[in-house]
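Right, one structure below, let's go through it.
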Amino acid sequence: MAMDGSNAEELAIGCFVSIKTTLSDEFQGLQEGSKGGSRRNIRLLKANYIKELSYLGQAEDPLDVKNCYLDLNSLRAREELAIRQAEAESERIGVGVTSQAQNIFDALSKTLPVRWDKTVIVVMNAVRVSSPYTPESVSGGTPAANERVKKVLELERKRLQTRGSGQ
């Protein structure tokens, strides 16, 4: 093959070539671009050391749609899972509450099941913590549950205060 540039398409990335050098070396290889990835043995040659270059064929295109397989059921399942996770995470974010209220909610959620009911934190589906989110603003639920939430809330508020003053 002549190297006058007239057959540039034939030497595009993905072509298998055979090369003979002026030093009598012969080898075959794949014309590659500068993509990262796995380790490869690379041989660089100055053009004036190439005695003969032969085009052997084209490699399979990894992006060819005919050779690609997409498991649509698996993709749909992943999408549904991602949507459910995003919805669950968004339900954990209070709307119209202060950052301190959100911090208290996040701290309570580590040890107790909690959810938002507008601006009220509902703990164990029974105990309600209203603004200003102090032990005095705890109501509902059984006396034992109420006391448990008050104790956890008090400890979490102290922890958040020490963390805030320590910064």
Side-chain angles (χ1 to χ4, degrees), residues 8-9 11-17 27-46 57-167:
E9 309 86 42
L11 292 179
I13 293 172
C15 292
F16 286 109
V17 293
F27 54 92
Q28 295 178 351
L30 176 67
Q31 173 74 18
E32 290 194 8
S34 59
K35 58 184 174 185
S38 61
R39 293 178 174 241
R40 303 181 192 291
N41 289 331
I42 298 175
R43 190 176 288 197
L44 302 174
L45 295 174
K46 288 178 107 179
Q58 185 71 30
E60 190 174 303
D61 184 1
L63 299 178
D64 186 2
V65 178
K66 296 175 204 140
N67 297 331
C68 292
Y69 171 73
L70 295 176
D71 182 359
L72 293 179
N73 291 330
S74 174
L75 291 174
R76 286 185 186 112
R78 286 180 59 192
E79 177 188 32
E80 288 175 21
L81 177 63
I83 289 170
R84 282 195 307 270
Q85 287 175 335
E87 288 171 347
E89 289 174 16
S90 71
E91 289 174 1
R92 297 179 50 77
I93 300 171
V95 177
V97 299
T98 64
S99 62
Q100 181 187 25
Q102 185 65 52
N103 288 339
I104 290 170
F105 178 93
D106 293 341
L108 286 171
S109 72
K110 292 177 184 174
T111 56
L112 298 167
V114 294
R115 63 179 172 83
W116 284 106
D117 181 14
K118 297 183 180 154
T119 59
V120 175
I121 300 172
V122 180
V123 185
M124 298 183 289
N125 285 328
V127 182
R128 300 174 66 81
V129 184
S130 305
S131 183
Y133 310 101
T134 60
E136 295 77 33
S137 61
V138 174
S139 63
T142 64
N146 195 303
E147 286 303 314
R148 170 82 175 130
V149 171
K150 284 182 181 180
K151 185 173 184 173
V152 171
L153 181 60
E154 187 176 333
L155 292 172
E156 289 300 337
R157 285 184 66 86
K158 283 181 183 176
R159 191 179 63 77
L160 289 171
Q161 281 179 334
T162 58
R163 188 172 41 158
S165 64
Q167 291 177 346

To the nearest 0.5 Å, how far apart are [atom1] in [X] and [atom2] in [Y]?
| X | Y | atom1 | atom2 | value |
| --- | --- | --- | --- | --- |
| Glu80 | Leu75 | CD | CG | 11.5 Å |
| Gln161 | Asn103 | CD | CG | 12.0 Å |
| Tyr133 | Thr119 | OH | OG1 | 4.5 Å |
| Ser90 | Gln85 | OG | CD | 12.0 Å |

(message) As a quick check of understanding, evaluate side-chain contact (heavy atoms from CB on, under 4.5 Å) for Val114 and Val122, giving each step before the final call.
(response) CA-CA 6 Å; Val114 294; Val122 180; over 6 Å; no
(message) Could you check whether Glu147 pairs with Lys151 (Lys NZ or Arg NE/NH1/NH2 to Asp/Glu carboxylate O, under 4.0 Å)?
(response) no
(message) Evaluate Glu156 against Ile104 for side-chain contact (heavy atoms from CB on, under 4.5 Å), listing each step before the verdict.
(response) CA-CA 7 Å; Glu156 289 300 337; Ile104 290 170; 5.8 Å; no
(message) Other residues, nucleotides and ligands only: do more than 12 of their heavy atoms fall within 6.0 Å of CZ on Arg78?
(response)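 12 or below, so no.
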(request) State whether the number of non-hydrogen atoms from other residues, nucleotides or ligands found under 6.0 Å of Arg157 atom CZ is greater than 12. (result)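 Yes, CZ of Arg157 has more than 12 neighbouring heavy atoms, counting only those of other groups under 6.0 Å.
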(request) Please state whether the rings of Phe105 and Trp116 are parallel, tilted or perpendicular, taking 30° and 60° as the class boundaries. (result) parallel
For [X] versus [Y], what's the shortest heavy-atom pair and its separation?
| X | Y | answer |
| --- | --- | --- |
| Arg159 | Ala107 | NH2-CB, 3.8 Å |
| Gly140 | Val127 | O-CG2, 3.8 Å |
| Ser137 | Pro132 | CB-CD, 4.3 Å |
| Val120 | Ser130 | CG2-OG, 4.0 Å |
| Gln58 | Cys15 | OE1-SG, 3.2 Å |
| Arg92 | Gln102 | O-NE2, 2.9 Å |

(message) According to side-chain hydrogen bond (donor to acceptor under 3.5 Å, both in side chains), who are the partners of Thr98, at least two apart in sequence or on a separate chain?
(response)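 With neighbours one apart ignored, the set is empty.
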(request) Before giving the answer on side-chain contact (heavy atoms from CB on, under 4.5 Å), spell out for Met124 and Val149 the whole-Å C-alpha distance, their side-chain angles and the decisive distance to 0.1 Å. (result) CA-CA 9 Å; Met124 298 183 289; Val149 171; 3.8 Å; yes
(request) Indicate yes or no: at least one non-hydrogen side-chain atom of Gln100 is less than 4.5 angstrom from one of Leu160. (result) no
(message) Could you tell me if the side chain of Phe27 sits less than 4.5 Å from the side chain of Val17, heavy atoms only?
(response)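 Val17 vs Phe27: side chains apart.
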(request) Check step by step if side-chain contact (heavy atoms from CB on, under 4.5 Å) holds for Ile121 and Arg115. (result) CA-CA 6 Å; Ile121 300 172; Arg115 63 179 172 83; over 6 Å; no
